[in-house]
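First up is the structure itself, then whatever we jot down about it.
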2 protein chains.
Amino acid sequence: MRYSNATNYALHTMVHLMLQPGDSSMGVQELAEMQQLSPTYLSKILTKLAKAGLIESTPGAKGGYKISRKKHEISFLDVIHATEGDTSLFDCSIHHEGCLIENVMRQAEENMKAELKSKLLIHIANEAVSKQK
Amino acid sequence: MRYSNATNYALHTMVHLMLQPGDSSMGVQELAEMQQLSPTYLSKILTKLAKAGLIESTPGAKGGYKISRKKHEISFLDVIHATEGDTSLFDCSIHHEGCLIENVMRQAEENMKAELKSKLLIHIANEAVSKQK
DNA sequence: TACATTACAGACATTAAGAGTCCTTAATAT
DNA sequence: ATATTAAGGACTCTTAATGTCTGTAATGTA
Ligand code: SF4
Ligand code: SF4
């Protein structure tokens, strides 16, 4: 029971893109090198992020990825949702009416999600910058 | 990213054992039938629960499993911990000092665990009983 | 227009973990 | 002694994550 590596890569990539100045794009090549992983694999993750509207992609020469216009609203939960999908941590296939076990598990997951939703990536990016100084 | 079926089975089994009257034991055979799953597989899960001190096992004829003496203190988290192990949901292998990403992820997981720790199985068992009436 | 560059998509291979089975051993009651 | 039960190890099967390869479409540049 662990978050996938893809989520880790996605989070790092998002922070990288946030720190990129102005309207400049980065290619998957460059992004993959920074994280020491295969460009083709990262490409799939980036496509997911793009479909979720968290980043914007432009094909063709001088193309690449840049952070979405919603830059200041993107939460950890948004990224995780994009990579992990929207499945529940606990999902009993039976679904008895008013199941007490599910209630507890769902509530617990909600507590986690609430935190992940309240934390914005932009905060991490800003802190990272001020640390470097 | 889902909790394993084993956790589901474990939770159900624990509730069953809690509803058992007095000091009586149940065999893995009976417990497996109730949940429609293989006795040998459930046996492995029960062994984990026993090692975690959540249930007590007695081998030999007329043996079986019964709820531990800590019956009234056992939380959802205890059961999950026994079956899933103590690994973190988010575990970056690198561990940069004061990592901001990990901080957020860890905190979120803590929020979930807090809920799971506060919910005791005995409550579920009691509610299940009063519903039946 | 031709060409280089880049994202995108599908098929495929590899790996790791979960789920489940089978068989043997040890402990206990009758 | 024998039947019954839990525990443990080795094994297979299934599934999902991880990763690669190849081709296609879109875009800028010369
Ligand atoms: S009681 Fe809840 S968790 Fe258990 S089988 Fe029914 S729906 Fe699933
Ligand atoms: S910054 Fe944090 S999550 Fe990223 S590589 Fe370092 S330790 Fe891992």
Side-chain angles (χ1 to χ4, degrees), chain A residues 1-10 13 17 23-33 35-68 80 82-93, chain B residues 1-10 12-13 17 23-33 35-68 80 82-85 87-93:
Chain A
M1 233 281 286
R2 248 193 65 222
Y3 276 116
S4 68
N5 295 343
T7 294
N8 187 330
Y9 300 149
T13 304
L17 288 176
D23 223 31
S24 59
S25 283
M26 292 184 78
V28 67
Q29 202 69 39
E30 195 178 350
L31 286 164
E33 269 174 31
Q35 301 181 59
Q36 312 245 46
L37 59 98
S38 126
T40 37
Y41 183 44
L42 182 59
S43 166
K44 296 201 178 303
I45 298 169
L46 290 169
T47 301
K48 281 187 185 179
L49 294 174
K51 288 201 170 161
L54 306 182
I55 60 179
E56 292 168 23
S57 69
T58 53
K62 297 287 175 190
Y65 298 93
K66 62 185 173 190
I67 199 77
S68 138
I80 292 170
T83 55
E84 301 277 341
D86 60 352
T87 61
S88 257
L89 244 63
F90 182 86
D91 191 8
C92 172
S93 50
Chain B
M1 233 280 287
R2 249 194 65 222
Y3 275 115
S4 68
N5 294 346
T7 294
N8 188 331
Y9 299 148
H12 283 85
T13 304
L17 288 175
D23 223 31
S24 59
S25 284
M26 293 185 78
V28 67
Q29 201 68 39
E30 196 178 350
L31 286 164
E33 269 174 31
Q35 300 180 62
Q36 312 245 46
L37 58 97
S38 128
T40 38
Y41 183 43
L42 182 58
S43 166
K44 296 200 179 303
I45 298 169
L46 289 169
T47 301
K48 282 187 184 178
L49 293 174
K51 287 201 169 159
L54 306 182
I55 59 179
E56 292 167 24
S57 69
T58 53
K62 297 288 174 188
Y65 299 93
K66 62 185 174 192
I67 199 78
S68 138
I80 292 170
T83 55
E84 301 276 342
T87 61
S88 257
L89 244 64
F90 182 86
D91 191 10
C92 172
S93 48

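Please read all numbers here as calculations on a predicted model, not as lab measurements. Numbered from 1 within each chain, the chains take letters A, B, ... in sequence-line order.
Taking atom CG of residue A:L31 and atom P of nucleotide C:dT5, one finds them 18 Å apart after rounding to whole Å. Atom-to-atom, CD of A:E56 to P of D:dT27 comes out at 14 Å; the value is rounded to the nearest Å. One interatomic measurement links the two molecules: CD1 of A:I55 to P of C:dT6, which rounds to 16 Å at whole-angstrom precision. Separating the CD1 atom of A:I45 from the P atom of C:dA9 is a distance of 15 Å, rounded to the nearest angstrom. A:N5 places its CG atom 12 Å from the C1' atom of C:dT15, with the value rounded to the nearest Å. Following rounding to the nearest Å, A:K48 (NZ) and C:dA9 (P) show an atom-to-atom distance of 13 Å. Between the P atom of D:dA6 and the CD atom of B:E30 lies a distance of 10 Å, rounded to the nearest Å. At whole-Å resolution of the value, CG in A:L37 and P in D:dT18 are 11 Å apart.
Along DNA chain D, the nucleotide nearest to A:T58 and the one nearest to A:S38 differ in position, and the one closer to the 5' end is contacted by A:S38. Residue-to-nucleotide proximity on DNA chain C shows that, of B:P39 and A:S43, the 5′-proximal contact is made by A:S43. Comparing A:S4 and B:T40 by the nucleotide of DNA chain D that holds the closest heavy atom to each, the one mapping nearer the 5' end is B:T40.
Regarding contacts with the backbone of C:dC8, every side-chain N or O of A:Y41 stays at 4.0 angstrom or more from both OP1 and OP2. Phosphate proximity of D:dG19 to A:Y9: present, with a side-chain N or O under 4.0 Å from OP1 or OP2.
In this structure, of D:dT18, C:dC8, D:dA6, it is D:dT18 that holds the atom nearest to the side chain of A:A6.
Within the nucleic acid shown, B:Y3 has no heavy atom closer than 4.0 Å to any nucleic acid atom. B:K51 comes within 4.0 angstrom of sugar-phosphate atoms only, judged by non-hydrogen atoms across all strands, and of no base.
Judged by distance alone with a 3.5 Å cut-off, no donor-acceptor contact links the side chain of B:K44 to the base of C:dG18.
Shortest non-hydrogen contact noted between A:T87 and A:E84 is OG1-O, 4.3 Å.
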Derivation and outcome, side-chain contact (heavy atoms from CB on, under 4.5 Å), residues B:T13 and B:L46: CA-CA 8 Å; B:T13 304; B:L46 289 169; 3.6 Å; yes
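For B:Q29 (side chain) and B:P39 (main-chain N/O), no donor-acceptor pair under 3.5 Å exists by modelled atom type.
Rounded to the nearest 0.5 Å, atoms CG (A:L17) and NZ (A:K66) are 11.5 Å apart. We find the OH-CD distance between A:Y9 and A:Q35 to be 8.0 Å, quoted to the nearest 0.5 Å.
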